[in-house]
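Just so it is clear, the values below take in all heavy atoms, side chains as well, and ignore hydrogens, waters and symmetry mates. Numbers here are sequence positions counted from 1.
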Amino acid sequence: LALFAAVPRLAIRYKIPLILWGENPGLQLGDLKTLGKTGYDGNNIRNMNTLEGGGIDWMLEEGFSIKDLIGYQYPSHKEFDDANLQIIYLGWFLGDWSYINNGIYSSLNGLGIKDDGILNGDPQGISALDTDWVSLNQMIKFLKFGFGNVTDYINEEIRLGRCTRDEAIRIVEKYDGLCSKKYIESFCEYLGITLNQFWDQVHSSTNKKLFSIKKSGKIEKLFKVGYGLYE
């Protein structure tokens with residue numbers, strides 16, 4: 001919420017009429033509700049699943065005031081219109097803008113990448129470098145919906161013609177939904193919960209139409225990547 005809401009909040013506060021964002025999530029990640037009037041129009045980013053599914057009620061219940069949470073409240077359509085504010089996706093104007101190309105360019109110019117990405121659903125080790133816990137988010141997304149960030153990114157590679165569908169299926173089968181145990185343990189330590197409590201919660205959120213949970217706690221897919229569930 002803060003990541004996406006704070007930028008337009010600051011723009012409105014300081015009368016900045018233009019925001020340059022990076023990738024178009026509708027075109028690169030398939031979040032089609034964010035698509036605007038053009039490929040570079042970003043004013044519909046408010047419909048992104050991260051924002052649409054979020055909320056501040058739980059923070060209010062914890063005792064924070066509305067004033068404390070301004071940076072977590074995405075501006076309304078009226079606030080955008082009153083400020084004549086426009087978000088532009090910069091990636092639209094760069095012909096080689098992509099997950100892989102951005103990673104290659106950044107790595108060659110000094111960016112340090114993760115050396116354990118292969119264990120965390122990111123074979124390239126170039127995503128979510130500012131946090132260790134996004135891989136948990138993507139693992140749980142995988143267990144709820146049957147796809148994680150590897151599926152997101154490999155679909156872009158297919159559209160760009162750098163990967164065939166069959167190659168993509170093999171990569172997704174191998175890497176999607178993985179999360180290193182050390183990140184799960186550090187997350188549990190931060191929250192002050194046990195591993196059993198963590199997995200109880202994950203199991204309760206797991207989509208039983210897509211996965212089975214064995215008595216041992218092991219989770220197994222009921223589907224084959226690239227094929228319909230009942231085919």
Problem set entry | Non-hydrogen side-chain atoms of Asp122 and Tyr99 separated by less than 4.5 Å | yes
Exercise. Could you state the interatomic distance from CG (Leu90) to CD (Glu23), rounded to the nearest 0.5 Å?
Worked result: 10.5 Å
For this session: Answer whether the closest heavy-atom distance between the side chains of Arg170 and Val225 falls below 4.5 Å.
Result: no
Exercise. So, Asp81 side chain and Lys78 main chain: donor-acceptor pair closer than 3.5 Å or not?
Worked result: no
Exercise. What class does the angle between the rings of Phe187 and Phe198 fall in, given that below 30° is parallel, 30 to 60° is tilted and above 60° is perpendicular?
Worked result: perpendicular
For this session: Verify, without hydrogens or angle tests, whether Asn207 (side chain) and Gly146 (backbone) share a donor-acceptor contact under 3.5 angstrom.
Result: no
Problem set entry | Val202 and Ile140, any side-chain heavy atoms less than 4.5 Å apart | yes
Problem set entry | Tyr40-Phe93 aromatic ring centre distance below 6.0 Å | yes
Problem set entry | Donor-acceptor under 3.5 Å (Gln138 side chain, Asn149 main chain) | yes
Problem set entry | Derivation and outcome, side chain to side chain contact (heavy atoms under 4.5 Å, CB included), residues Val134 and Ser127 | CA-CA 9 Å; Val134 168; Ser127 67; over 6 Å; no
Problem set entry | Contact check, side chains of Leu10 and Ile16, non-hydrogen atoms, under 4.5 Å | no
Problem set entry | Residue among Arg46, Arg13, Arg9 satisfying salt bridge (charged side-chain N to carboxylate O under 4.0 Å, His left out) with Glu79 | Arg9
Exercise. Roughly how far, to the nearest 0.5 Å, is CD of Gln124 from CD1 of Ile113?
Worked result: 8.0 Å
Exercise. How about Gln73 and Ile56: do any of their side-chain heavy atoms sit closer than 4.5 Å?
Worked result: yes
For this session: Over all heavy atoms of both residues, which pair between Gly26 and Asn24 is shortest? Give the atoms and the distance, please.
Result: N-OD1, 2.8 Å
Exercise. Is a side-chain N or O of Thr206 found less than 3.5 angstrom from the main chain of Leu143, in a donor-acceptor match?
Worked result: no
Exercise. Is there a side-chain contact between Arg162 and Glu156 (heavy atoms, below 4.5 Å)?
Worked result: no
Seminar exercise, completed: Minimal heavy-atom distance between Met59 and Gly55, with the atoms involved, is CE-O, 4.2 Å
Seminar exercise, completed: Taking every heavy atom of Lys174 against every heavy atom of Leu178, the minimum-distance pair comes out as O-CD1, 3.7 Å
For this session: Would you check, one step at a time, whether the test side chain to side chain contact (heavy atoms under 4.5 Å, CB included) holds for Trp97 with Tyr105?
Result: CA-CA 10 Å; Trp97 181 283; Tyr105 176 85; over 6 Å; no
Problem set entry | Path from Phe4 to Trp58 over hydrophobic side-chain contacts below 4.5 Å | yes
Exercise. Would Phe145 and Met48 show up in the same hydrophobic cluster when neighbours are defined by side-chain heavy atoms closer than 4.5 Å?
Worked result: no
Seminar exercise, completed: Rounding to 0.5 Å, atoms CG (Leu129) and NZ (Lys114) come to a distance of 6.5 Å
Problem set entry | Side chain to side chain, Pro8 and Leu85, heavy atoms closer than 4.5 Å | yes
Problem set entry | Asp152 and Lys141: CA distance, side-chain angles, deciding distance, salt bridge (charged side-chain N to carboxylate O under 4.0 Å, His left out) verdict | CA-CA 11 Å; Asp152 290 336; Lys141 183 177 86 172; 2.8 Å; yes
For this session: Please check if the distance between the ring centroids of Phe211 and Phe142 is under 6.0 Å.
Result: yes
For this session: Might you point out which heavy atoms bring Asp132 and Ser135 nearest each other, and give the distance in Å?
Result: O-OG, 3.3 Å
Exercise. More than 12 non-hydrogen atoms from neighbouring residues, nucleotides or ligands closer than 6.0 Å to OH on Tyr72, yes or no?
Worked result: no
Exercise. Ignoring hydrogens and geometry, is there a side-chain-to-backbone donor-acceptor pair from Ser186 to Tyr183 under 3.5 Å?
Worked result: yes
For this session: Could you please spell out the steps behind the side chain to side chain contact (heavy atoms under 4.5 Å, CB included) verdict for Gln86 and Asn43?
Result: CA-CA 6 Å; Gln86 179 66 51; Asn43 278 20; 3.3 Å; yes
Exercise. If we only count heavy atoms from C-beta on, is the Ile45 to Tyr89 side-chain gap below 4.5 Å?
Worked result: yes
Problem set entry | Contact summary for Ser65 and Leu60, nearest pair of heavy atoms | C-CD2, 4.1 Å
For this session: First locate atom SG of Cys188, then atom CD of Glu185, and finally report the distance between them rounded to the nearest 0.5 Å.
Result: 8.0 Å
Exercise. Is Leu195 linked to Met139 within one hydrophobic cluster, defined over Ile, Leu, Val, Met, Phe, Trp and Tyr using a side-chain heavy-atom separation of less than 4.5 Å?
Worked result: yes
For this session: Tell me, with the steps shown, if Val172 and Ile169 meet side chain to side chain contact (heavy atoms under 4.5 Å, CB included).
Result: CA-CA 5 Å; Val172 170; Ile169 288 173; 5.9 Å; no
For this session: Report yes or no: do Tyr14 and Leu20 belong to one cluster of Ile/Leu/Val/Met/Phe/Trp/Tyr joined by side chain heavy-atom distances under 4.5 Å?
Result: no
Exercise. What closest approach, in Å, do Leu222 and Lys208 show between heavy atoms, and which atom pair accounts for it?
Worked result: CD1-O, 3.7 Å
Problem set entry | Expected output: side-chain Asp31 to main-chain Pro25 donor-acceptor under 3.5 Å | no
Seminar exercise, completed: SG (Cys179) and CD1 (Ile184) are apart, to the nearest 0.5 Å, by 4.0 Å
Exercise. If Ile, Leu, Val, Met, Phe, Trp and Tyr residues are connected whenever their side-chain heavy atoms lie under 4.5 Å apart, and connections chain through other members, are Ile158 and Tyr153 in the same group?
Worked result: no
Exercise. Counting only N and O atoms by type, is there a donor-acceptor contact under 3.5 Å from the side chain of Asp176 to the main-chain atoms of Phe147?
Worked result: no
Seminar exercise, completed: So CG of Asp41 and CD1 of Ile88: to nearest 0.5 Å the spacing works out to 6.5 Å
Exercise. For atom CD of Glu189, is the number of surrounding heavy atoms from other residues, nucleotides or ligands below 6.0 Å larger than 12?
Worked result: no
